[in-house]
Amino acid sequence: MRIIENIAEMQRLADAWRAQGERIAFVPTMGYLHEGHLSLLRTARQLGTRSVISIFVNPAQFAPTEDLASYPRALDRDLDFCVQIGVDAAFVPSASEMYPEGFQTYVEVTGVTKNLCGASRPIFFRGVATVVSKLFNAVKPHTAVFGQKDFQQLVTIRRMVKDLNLDIEIVGHEIVREKDGLAMSSRNTYLKAEERPIALRLSRSLQIARQLVDSGEKDSKKILKAVNDCLTAGGGASIDYAKLCDTETIEEIEKVEGPTLLALAVWVGKTRLIDNCVLGR
Ligand code: PAF
């Protein structure tokens, strides 16, 4: 596996592959890989003839109060996983390679980033859209795979690709869960043992909502009441948001009449967890 730290070198490799008719499939990550990332990488290997991962903890998507400094990192272990999976190249730029002195250009997707995580983390999607654009320009992929756990991120990237006419196919990958239902996340490592049962309420509340919708309930208020009750019963969880939204516009809806995103962000102690499902399909 090639390990590349430099943007120009990554571009040269991508150009050489493209000249040989290879199809490049890309998985952008912030590292500390878990089974969710690994399944994105396996999918990428199937979608392309060459697969590339990027591992870069992107300062531009963290607010000063957030966990940039403590974000878990394990580069050697991550690279071993990538070799085992058969990834062709790992792009691991430094912050100064990505954001050199004088950097002043950002990509901003507006409408779909207003609600949910965009409301709680105002600079987050600007940071994501900017870094993903830069990573796309470095890796020059034909296709890129993103997890659906970050549903709003996936919608934002699709919007950006469409609006900027980027010639890249975006593939969404279903959420990968632990055996107990917890959606896989690098941040799960922050959870203390006693917080784990509280964290499980997220996936449990999604199931409750699904059962309600499957039995004919359409009223958002009733569904969200059941979700809120499940999340808060027993204490220890503080809801950032629990909302039902249109899957494309990410605007709130009052009735579940077609595919509807149920999106959750919940603080369990000092850890902010997100999870979601699409109801009504
Ligand atoms: O989902 C992530 O890990 C990050 O937001 C991404 C897409 C790698 C951009 O930094």
Side-chain angles (χ1 to χ4, degrees), residues 4 7 10 25-41 43-44 51-63 66-75 78-79 81-82 87 89-99 103 105-109 112-113 116-118 120-139 141 143-161 164 166 168-176 183-190 250 263 265 271-276:
I4 298 171
I7 295 170
M10 185 67 241
F26 176 43
V27 179
T29 80
M30 298 209 299
Y32 207 73
L33 304 182
H34 51 65
E35 188 48 43
H37 297 111
L38 304 188
S39 56
L40 301 184
L41 289 168
T43 301
S51 54
V52 181
I53 184 173
S54 63
I55 300 176
F56 178 62
V57 183
N58 173 33
Q61 68 192 69
F62 289 80
E66 292 180 345
D67 56 345
L68 174 63
S70 60
Y71 195 83
R73 290 161 170 90
L75 185 59
D78 289 349
L79 295 174
F81 282 142
C82 295
V87 174
F91 179 50
V92 289
S94 63
S96 59
E97 177 70 5
M98 292 297 275
Y99 300 109
F103 182 90
T105 304
Y106 292 88
V107 178
E108 194 152 352
V109 181
V112 296
T113 65
L116 306 181
C117 286
S120 325
R121 306 181 67 191
I123 67 152
F124 177 68
F125 286 113
R126 185 177 94 142
V128 168
T130 302
V131 82
V132 170
S133 306
K134 287 174 66 68
L135 292 168
F136 283 171
N137 285 331
V139 175
T143 180
V145 191
F146 290 82
Q148 280 173 3
K149 186 174 76 74
D150 301 289
F151 193 97
Q152 191 179 16
Q153 171 172 277
L154 175 61
V155 171
T156 302
I157 300 297
R158 284 196 204 281
R159 188 74 246 172
M160 176 184 85
V161 163
L164 298 183
L166 305 183
I168 301 172
E169 180 201 15
I170 303 300
V171 173
H173 189 289
E174 65 181 20
I175 298 177
V176 180
M184 290 206 180
S185 164
S186 304
R187 289 190 170 99
N188 290 351
T189 185
Y190 298 152
I250 314 292
T271 311
R272 183 176 176 276
L273 299 172
I274 59 172
D275 203 347
N276 70 77

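Indexing begins at 1, ligand by ligand and atom by atom, following the structure's order. Keep in mind it's a predicted model, so treat the numbers as computed, not measured.
The shortest distance between side-chain heavy atoms of Asn58 and Tyr99 falls below 4.5 Å.
Across all their heavy atoms, Val107 and Thr130 have their closest contact at N-OG1, 2.9 Å.
The side-chain contact (heavy atoms from CB on, under 4.5 Å) with Phe125 is formed by just one residue from the set Glu108, Met160, Gln152; it is Gln152.
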Just do the side chain to side chain contact (heavy atoms under 4.5 Å, CB included) check on Ile55 and Met30 with the steps written out, would you? CA-CA 5 Å; Ile55 300 176; Met30 298 209 299; over 6 Å; no
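Applying the side chain to side chain contact (heavy atoms under 4.5 Å, CB included) test to Ser185 and every residue at least two apart in sequence or in another chain returns Lys149, Arg187, Asn188.
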Expected rows: ligand 1 N/O, protein N/O, dist below 3.5 Å:
residue, atom, partner, partner atom, Å
ligand 1, 1 (O), Gln153, NE2, 2.8
ligand 1, 5 (O), Gln61, NE2, 3.0
ligand 1, 5 (O), Gln153, OE1, 2.7
ligand 1, 10 (O), Gln61, OE1, 2.6

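Using a distance-only test at 3.5 Å, with no hydrogens or angles considered, a donor-acceptor pair links the side chain of Thr143 to the main chain of Glu169.
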